[in-house]
Amino acid sequence: MELEQTRRLVTGIPGPRSRELVARRESAVPRGVGTTMPVFAVRAGGGIVEDADGNRLIDLGSGIAVTTVGASAPRVVEAVRAQAEAFTHTCFMVTPYEGYLAVAEQLNRLTPGTHAKKTVLFNSGAEAVENAVKIARAHTGRQAVVAFDHAYHGRTSLTMALTAKSLPYKHNFGPFAPEVYRAPLSYPFRDELDGPAATRHAIETIERQVGLPAAVIIEPIQGEGGFIVPAPGFLPALADWCREHDVVFIADEVQTGFARTGAMFASEHEGLVPDLVASAKGIAGGLPLSAVTGRAEIMDAAHPGGLGGTYGGNPIACAAALAAIETIETERLTDRAREIGKLLTERLLRLQDKDNRIGDVRGRGAMVAVELVRPGGEPDPELARTVATFAHQQGVIVLTCGTYGNVLRFLPPLTITDELLHDALDVLEEGFTV
Ligand SMILES: *Cc1c(COP(=O)(O)O)cnc(C)c1O
């Protein structure tokens, strides 16, 4: 049955059925697992999530940049059903299957650069990042890894060390993995440095404090850190420095990849060709899958048996990824991402003209954010919370992010309609007046 693409509230948020489930959750699931909204989903698709009480919410989050092709994309649903009927698992390391190869070949084709590439598959973004670091260490024989201010790379031991923000990701969870160093990021709204100046600052820090690392890892647009788009030239100059010194340049495209930013990978916006690309989130229409794709000679540095995992490249997730890639290409979703970005940005800039608490409107494609500030530019996380809470109560799923918690971020599924986007923005605009 088609899920109607309109916002509808039939109860308060949360409704009675969700309230019951929230109570069960509180006794069954630890409080450490956060939730944005106190409602339980029963169906989702297009730009709508329907909850247990029959409320239809507008989805501006895509389950954190995952359901780029929608949460029930027809090709994905059909591919998953067919693969589940054939077999659910054999383990690629025991008796391999073609779906894994096909996904590897697609990623070797789609990631930036025309050099010979290879791909290995895993389950989560953090697992892809960890393995990219393992491969870079094996290739260079060095250990140090450089990550950036405001970075987010995951919640496992190594990726927690790579992540910048303490609360909530690292607090009480140390000790952290050694040989991780932090360099300053280009953050145009706050550091006011142009690309060359920000690059000098970063490279000087690396050369003085680390020497030559195995790898530099960076998100082309930072996700959890606040949708920070570095100044033009920063990423290419950093990649040049890495190439000159045989340091592996790892692009963490877990959030930015798969059409989200109006290109298949965000690296493309600046002609960047990373040595290794970590992808996940939008890759498989909602199924858990991640990948490391990179230069064949670097990827082959790890010894036979050194890479893998029981579920890595699960056949159902692979079938879903092939269907998601076909959907992105045949429905030209990179174009749609740019249209969505234009609509969001135009409306948010108009709102900024009227409201100087919106310090910055930024992003690329369907990855757009506003940074909220007090007079003088100090971060205003309370305003972000107030607007987000108002939106949630009105049936709009919107996420916050940023080192200071003062960024509202918009990551709708690329299957959302313009009508839903306008309706959601009307609600947000009202949220700034409460
Ligand atoms: C979400 C995210 C990760 C971690 O992915 P998980 O699948 O949650 O482990 C890593 N890097 C970036 C940039 C992310 O946005």
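Indexing begins at 1, ligand by ligand and atom by atom, following the structure's order.
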Which segment of A280 sits under 4.0 Å of ligand 1 when only heavy atoms are counted: neither
Check ion pair K118-D300 (N to O, under 4.0 angstrom): yes
Proximal atoms of ligand 1 relative to Y152 (non-hydrogen, under 4.0 Å): 1 (C), 2 (C), 3 (C), 11 (N), 12 (C), 13 (C), 14 (C)
Any N or O of Q255 closer than 3.5 Å to N or O of ligand 1: yes
Distance from atom 4 (C) of ligand 1 to nearest protein heavy atom, with residue and atom: A126 N, 3.6 Å
side-chain contact (heavy atoms from CB on, under 4.5 Å) between E224 and I64, worked out: CA-CA 10 Å; E224 307 304 300; I64 318 187; 4.0 Å; yes
Any residue meeting ring-ring contact (aromatic ring centres under 6.0 Å, His included) with F87, in chain and number order, not counting sequence neighbours: Y97
Distance-only donor-acceptor check, side chains T403 and H150, under 3.5 Å: yes
Atom 11 (N) of ligand 1 [closest protein heavy-atom partner, distance rounded to 0.1 Å]: D252 OD2, 2.7 Å
Nearest-contact summary for atom 2 (C) of ligand 1 - protein heavy atom, Å: K281 NZ, 2.5 Å
G154 N/O to ligand 1 N/O under 3.5 Å: no
Polar proximity ligand 1 side, G125 side, N/O cut 3.5 Å exclusive: yes
Heavy-atom side-chain contact between R182 and F148 under 4.5 Å: no
Any protein heavy atom nearer than 4.0 Å to atom 8 (O) of ligand 1: no
For E219, atoms of ligand 1 separated by under 4.0 Å from a heavy atom: 13 (C)
Sequence-distant partners of Y187, side-chain hydrogen bond (donor to acceptor under 3.5 Å, both in side chains), two or more places apart: E371
Ligand-residue contact atoms, ligand 1 with S124, heavy atoms, under 4.0 Å: 7 (O), 9 (O)
Residues Q255 and R409: side-chain donor-acceptor under 3.5 angstrom: yes
Ring-ring centroid check F265 F258, cutoff 6.0 Å: yes
